[in-house]
Amino acid sequence: MSNLMNTYNRLDVSFTHGDGVYLYDKKDNKYLDSLCGVAVTSIGHNHPQITSAIKKQATKLLHTSNIYGIKNQKKLAKKLCELSGLDKVFFGNSGTEAVEAAIKLVRLKAYDEKIKNPQIIVMDNSFHGRTMGALSATGNDKIKEGFAPLLEGFMRVPFDDIKAIKKQLKNNKNIVAIMVEPVQGEGGIQIPADDYLNNLRQICDENNLLLILDEVQTGMGRCGSWFCYQQYDIQPDILILAKALGNGVPIGAIVTNKKTSRFFSPGKHGSTFGGNPLATYVARAVIKTIEEDNILAKVKVICSMFKDKLSKKIAPLKAVKEIRIKGLMIGIEIKTDKKEKLNSIVKDAIIEHKLLINLTHTNVIRLLPPFLLNESHIDEIIKILIKLIKKL
Ligand SMILES: Cc1ncc(COP(=O)(O)O)c(C=O)c1O
């Protein structure tokens with residue numbers, strides 16, 4: 001019997017070490033990690049540059065406080081602003097905390113504009129985290145069940161539905177922001193229409209709303225550009241980052257433009273650990289590695305290779321309904337009548353075939369593979385998937 005609280009259905013597998021795209025258990029069995037701890041270890045396990053950055057900073061300084069200046073934090077903020085085209089950064093320790101910071105910033109904007117009952121438009125099927133604010137923003141009633149009263153101030157509309165947003169705006173003067181994932185991750189790798197983000201930007205501009213992009217899953221190269229929105233030639237007012245920013249060392253951030261950041265002033269928000277010398281040094285090393293090894297270009301190549309092989313070999317399988325792929329976010333939707341067996345198939349992938357994948361949105365096999373894959377890894381993944389999906 002474990003002393004851990006019952007918050008996860010854990011599999012009977014655990015790992016002792018990792019190396020690149022592989023994880024190893026205590027018997028030295030090798031697992032191809034095609035999930036990256038859910039979009040976290042994007043540049044692989046035990047990456048030499050990241051390991052050496054952790055060691056180097058650990059021998060110098062782990063923590064001081066945000067009461068003092070933190071050089072690594074300043075440098076990382078500068079880099080994130082250069083990469084995103086935005087101006088100011090607040091650091092936390094996770095995605096959900098970054099979402100909270102975004103919500104607080106929106107509330108302060110509304111307060112400044114004397115809007116007493118501010119509303120943020122959020123999407124059906126979205127996921128923004130587990131703390132009360134982020135949970136309230138999340139568009140999934142199942143994971144919200146039992147936690148009432150939730151935070152007020154969120155209006156839900158269908159994802160990828162511009163008309164629904166326009167309709168809400170006609171009837172409500174209290175809407176102050178729109179928050180959206182550029183690709184819904186937990187929601188089953190849902191990719192909106194090509195003009196969706198551009199339309200959202202335009203609506204926000206025309207109605208004095210903040211556009212908040214939750215790129216916790218899509219960001220840091222996962223979609224083939226630093227941030228997914230860069231493929232649409234727009235900018236958000238608030239960008240939310242976490243997961244792969246530290247490649248496994250916990251860190252989250254919001255990056256905003258000046259007109260939005262001005263609502264924070266000393267005392268309005270804070271974090272003991274946020275932006276600590278260790279996490280920010282490691283995140284700098286992550287960015288440097290991605291830049292120096294030209295990894296974003298590689299993601300694009302791997303993505304098109306994957307796309308090609310998936311459409312030739314997996315799409316024709318009878319049980320497959322649809323394949324959705326954006327960069328290295330891959331969802332294989334299985335026909336609903338096959339749902340029952342799906343869980344055991346995914347378990348087999350992990351336990352029997354030593355391939356780490358997961359199921360999301362009940363019938364979507366999700367792959368979030370590392371950026372270091374080569375063609376033979378892709379072939380190995382496809383071979384296992386064919387074997388398993390054919391059993392459905
Ligand atoms: C889009 C998105 N936002 C926020 C979160 C919450 O991040 P964290 O688990 O680091 O709190 C997640 C986690 O899966 C996510 O996918």
Side-chain angles (χ1 to χ4, degrees), residues 13 15 17-25 29-51 183 185 189 191 215 217-228 231 243-248 285-315 317 320 323-332 346 348-350 352-360 364-389:
V13 59
F15 305 106
H17 60 289
D19 185 19
V21 301
Y22 292 107
L23 281 169
Y24 297 83
D25 64 18
N29 288 312
K30 183 164 118 175
Y31 298 72
L32 179 51
D33 186 359
S34 201
L35 194 63
C36 287
V38 195
V40 172
T41 51
S42 293
I43 57 171
H45 297 283
N46 199 10
H47 191 290
Q49 267 133 284
I50 306 310
T51 306
V183 174
I189 315 294
I191 306 168
E215 294 234 24
Q217 201 159 139
T218 54
M220 298 311 296
R222 172 80 26 209
C223 293
S225 46
W226 281 108
F227 313 110
C228 188
Q231 296 173 28
K243 288 196 184 274
L245 179 56
N247 206 57
V286 170
I287 293 172
K288 195 161 172 238
T289 304
I290 293 175
E291 276 180 331
E292 285 177 358
D293 297 351
N294 205 14
I295 288 177
L296 296 186
K298 286 181 192 155
V299 170
K300 285 185 196 138
V301 174
I302 306 164
C303 166
S304 67
M305 217 185 274
F306 234 130
K307 223 178 196 168
D308 190 47
K309 289 179 195 275
L310 283 166
S311 66
K312 281 194 186 122
K313 301 193 170 159
I314 302 287
L317 300 177
V320 173
I323 294 177
R324 297 183 285 273
I325 172 163
K326 178 90 181 164
L328 286 178
M329 293 182 83
I330 300 166
I332 303 167
V346 170
D348 286 354
I350 299 164
E352 249 181 63
H353 298 277
K354 314 273 181 270
L355 172 68
L356 304 187
I357 54 175
N358 86 334
L359 254 193
T360 184
V364 179
I365 297 174
R366 175 171 54 167
L367 285 79
L368 298 162
F371 302 167
L372 318 170
L373 287 189
N374 59 34
E375 188 163 7
S376 73
H377 296 132
I378 300 177
D379 288 338
E380 194 183 333
I381 294 169
I382 300 269
K383 207 168 99 191
I384 298 169
L385 287 176
I386 293 174
K387 215 182 257 176
L388 291 171
I389 294 171

Using every non-hydrogen atom in the two residues, find where S311 and D308 come nearest and quote the distance to one decimal.
OG-O, 3.1 Å
Taking all atoms of both residues into account, what is the closest heavy-atom pair of I323 and L310, and its distance?
CD1-O, 3.7 Å
Name the atoms and distances for all side-chain donor-acceptor pairs under 3.5 Å in residues 32-43, with sequence neighbours left out.
| residue | atom | partner | partner atom | Å |
| --- | --- | --- | --- | --- |
| D33 | OD1 | L35 | N | 3.0 |
| D33 | OD1 | C36 | N | 2.8 |
| D33 | OD2 | H45 | NE2 | 2.7 |
| T41 | OG1 | C36 | O | 3.4 |
| S42 | OG | R222 | NH2 | 3.2 |

Kindly write out the residues that satisfy salt bridge (Lys or Arg N to Asp or Glu O under 4.0 Å) with E352, not counting sequence neighbours, or none if the list is empty.
none
Compute the centroid of each ring, for F306 and then for H377, and state whether the two points are separated by less than 6.0 Å.
no
Using the six-membered ring wherever Trp is involved, compare the ring planes of Y31 and F15 and label them parallel, tilted or perpendicular (cut-offs 30° and 60°).
perpendicular
Can you name the residues that form a salt bridge (Lys or Arg N to Asp or Glu O under 4.0 Å) with K326, not counting sequence neighbours?
none
Qualifying residues under ring-ring contact (aromatic ring centres under 6.0 Å, His included), relative to F227, sequence neighbours excluded:
Y229
Would you say that I386 contacts K313 through its side chain, given a criterion of any heavy-atom pair below 4.5 Å between the two side chains?
yes
Output, in order, the C-alpha distance, side-chain angles, deciding distance and verdict of side chain to side chain contact (heavy atoms under 4.5 Å, CB included) for I389 and I365.
CA-CA 10 Å; I389 294 171; I365 297 174; 4.2 Å; yes
Ignoring hydrogens, what is the shortest heavy-atom contact between L388 and A349? Give both atom names and the distance.
CD1-CB, 3.4 Å
Smallest separation among heavy atoms of G44 and L372, with atom names
CA-CD1, 3.9 Å
pair I332-V364: side-chain heavy atoms closer than 4.5 Å:
no
Donor-acceptor contacts under 3.5 Å from residues 286-295 side chains, at least two apart:
| residue | atom | partner | partner atom | Å |
| --- | --- | --- | --- | --- |
| T289 | OG1 | A285 | O | 2.7 |
| E291 | OE1 | K79 | NZ | 3.3 |
| E291 | OE2 | K79 | NZ | 3.0 |

Can you list the steps and then say if K243 with Q217 is a side chain to side chain contact (heavy atoms under 4.5 Å, CB included)?
CA-CA 7 Å; K243 288 196 184 274; Q217 201 159 139; 4.1 Å; yes
The criterion is salt bridge (Lys or Arg N to Asp or Glu O under 4.0 Å); which residues satisfy it with D348, sequence neighbours excluded?
K391
Can you name the closest pair of heavy atoms from G224 and K300 and give their distance?
O-CE, 3.2 Å
Residues M329 and C223: closest non-hydrogen pair is SD-SG, 3.9 Å
Determine whether more than 12 heavy atoms belonging to other residues, nucleotides or ligands lie under 6.0 Å from atom NZ of K309.
yes
Please name the residue in the list I330, I381, V346 that meets the side-chain contact (heavy atoms from CB on, under 4.5 Å) test with I357.
V346
